[in-house]
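Quick caveat: nothing in here was measured; it's all calculated off a predicted structure.
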Amino acid sequence: MNVAWRVEVDEHRCIASGMCAGLAPELFELDGAHARVLRGRIEPDETALDAADSCPMSAITVRDGDSVVGPRP
């Protein structure tokens with residue numbers, strides 16, 4: 001298990017709903033028509049998973065190494 005998670009936003013799926021920035025402003029900001037990750041590598045954080053779970057377009061992926069941990073099923 002890695003110490004840090006990687007957080008990614010798929011700009012092709014993102015519609016800039018603002019859910020992620022509203023839930024985790026320390027991790028995401030809206031940048032025009034897309035959300036942008038402020039810190040790509042983070043300590044494991046439930047808030048990042050909540051943001052991935054809440055994205056209406058499933059545009060946020062949280063990875064622990066090669067394993068996808070968010071969004072949760």
Side-chain angles (χ1 to χ4, degrees):
M1 182 167 134
N2 291 327
V3 174
W5 286 355
R6 282 190 336 267
V7 181
E8 305 161 348
V9 174
D10 182 339
E11 67 181 45
H12 300 291
R13 298 186 84 170
C14 179
I15 60 169
S17 73
M19 294 292 292
C20 59
L23 283 169
E26 69 283 358
L27 297 177
F28 303 95
E29 73 177 4
L30 294 183
D31 185 15
H34 303 98
R36 183 169 70 89
V37 177
L38 297 175
R39 296 179 304 153
R41 293 183 94 51
I42 62 168
E43 292 299 313
D45 183 350
E46 188 74 20
T47 307
L49 295 178
D50 291 343
D53 293 345
S54 298
C55 178
M57 299 303 294
S58 299
I60 300 170
T61 303
V62 182
R63 299 179 189 277
D64 181 0
D66 292 331
S67 300
V68 174
V69 294
R72 295 170 280 203

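For Asp53, the salt bridge (charged side-chain N to carboxylate O under 4.0 Å, His left out) partners at least two apart in sequence or on another chain are Arg72. Here Asp31 pairs with Arg36 under the salt bridge (charged side-chain N to carboxylate O under 4.0 Å, His left out) rule; sequence neighbours left out.
Atom-to-atom distance recorded for Arg13:CZ and His34:NE2 is 12.5 Å, nearest 0.5 angstrom. Here the straight-line distance linking atom CG of Leu49 with atom OG of Ser54 works out to 10.5 Å at 0.5 Å rounding. To the nearest 0.5 Å, atoms CD1 (Ile42) and CZ (Arg6) are separated by 11.5 Å.
There is no path of hydrophobic side-chain contacts, each under 4.5 Å, that joins Phe28 to Met19. Under a hydrophobic-cluster definition in which Ile, Leu, Val, Met, Phe, Trp and Tyr are linked whenever side-chain heavy atoms come within less than 4.5 Å, directly or via other members, Leu30 and Val9 are assigned to different clusters.
Shortest non-hydrogen contact noted between Val69 and Asp64 is CG1-CB, 3.9 Å. For Val62 against Ala52, the heavy-atom pair with the smallest separation is CG2-CB, 4.1 Å. Of all heavy-atom pairs spanning Ala35 and Cys20, the tightest one is CB-SG, 3.6 Å. The heavy-atom pair separating Cys14 from Ala16 by the smallest distance is SG-N, 3.4 Å. For Arg63 against Val68, the heavy-atom pair with the smallest separation is NH1-CG2, 3.3 Å. Taking all atoms of both residues into account, the shortest heavy-atom contact from Cys55 to Ile60 is CB-CD1, 4.1 Å.
With a 4.5 Å cut-off on side-chain heavy atoms, Asp10 and Thr61 do not count as touching.
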